[in-house]
Amino acid sequence: MAVPPPASVGDPLDWVDTPALILDLDAFERNIERMAQAVGASGIRLRPHAKTHKCPEIARRQVAAGAIGVCAQKVSEAEALVDGGVDDVFVSNEIVGARKLERLARLARRARVSVCVDDPQNVIDLDQAAAAAGARLDVLVEVNVGGDRCGVEPCEPVVRLASDVKAAGHLRFAGIQAYHGHAQHLRSVDARRSAIEDAIERVHQTRNALERNGIDCPTVTGAGTGTYPFEMRSGVYNELQPGSYVFMDADYLRNDWSGFLRFEQSLFVLSTVMSRAAPGRAVLDAGMKALSVDSGMPMIAGWPGVTYLQASDEHGQLAIEPEVAGPKLGEKLMLIPGHCDPTVNMHDWYVCVRGGVVEALWPVSARGSGS
Ligand SMILES: Cc1ncc(COP(=O)(O)O)c(C=O)c1O
């Protein structure tokens, strides 16, 4: 059942019901343009990650600005994106389980779909699913470049899996994924650069090993918002997959961005003060069910001396410094989420605002735990 949006087009921001996910369209559009120009000028491909926004409308805008397609993390996201008009989706993740593989293979009949593997059994299962669906899937071998999440070790293990993919009748070996998740939020620029230098070295060795075995590696993809300039200039990555740059969040704002292009905060959660029962204390109607706190508490835009202290299910407790009056009962505050992706996943609608007025309402079509 469709959930009605918390606002109507033309409403002033102040009239939006809360908690609501707010998108500052001017900042958002500048972010899209800035990344597209930077990567476009480098001559390599941009494939932004749609796990951040889960919204075909946003994916279509990224493609219109120059991206070759988008990434998704789950089959349900890929389905929503293809349904919403995106015709090239890379599932930058391992997909396991017969039902999901069947859906993925069926999707490959409607759009260009590619996926990661890091296990020979998964190659066999993918091939069978593609055969049953009468589809052909592009497959990238994921290589562990330091994140120690999914991915086989560099060099020989990648060669073995790539050979399996090449031998499978309904799969095509499309390259390698070398994404370093841990590096993205290392605070100092030097720490991020050094982590990616290590990753680049592992990618070089792996590509050489593939070459020695006569295996062509058309795509080397990876990178997030925190490190993309290093992969971009590596000479070995030819596709980048940053996601958070469209919105940014409090966690990313804590990184040192010296020498980097700046992306602006465009995503907020609008929240109302629902209690001022005691001096020095205020409570908002946005708690853990409106904001993800896995990467720290939200920041409050435009309220010096007021801090978001802790979140419970439906409440956000604020601390107000003694010399500050703080917000009144019923006042609306803009919060900068700690982590953008899981925050978006809690909402049904983007309330898109320009100049203080609601200009559009976009559904978060791929939201939910999904599959
Ligand atoms: C495989 C992969 N690629 C790209 C990204 C995008 O990273 P970011 O949102 O930090 O730009 C992520 C985020 O978790 C990811 O898991």
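This structure is a prediction, so every number in the text was calculated from the model and none was measured. Read the numbers this way: they start at 1 and go in the same order the structure lists the ligands and their atoms.
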Q.
Counting the benzene-type ring for Trp, do Y252 and W257 have ring centres under 6.0 Å apart?
A.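 Centroid separation for Y252 and W257: below 6.0 Å.
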Q: Taking the six-membered ring for Trp and the single ring otherwise, decide whether the centroids of F230 and F260 are under 6.0 Å apart.
A: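 Centroid separation for F230 and F260: below 6.0 Å.
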Run through the side-chain heavy atoms of Ile, Leu, Val, Met, Phe, Trp and Tyr, join any pair under 4.5 Å, and report what else lands in [X]'s cluster.
X	answer
Y179	none
V96	none
L253	V9, L13, V16, I22, F268, L270, M299, M334, I336, W349, V351, V353, V358, L361

Q. Should D251 and R187 count as an ion pair when the cut-off is N to O under 4.0 Å?
A.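 A salt bridge links D251 with R187.
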Q. Heavy atoms under 4.0 Å from ligand 1: which residues qualify?
A.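 Contacting ligand 1 under 4.0 Å are H49, K51, Q73, S92, R149, Y179, A223, G224, T225, Q241, P242, G243, S244, Y252.
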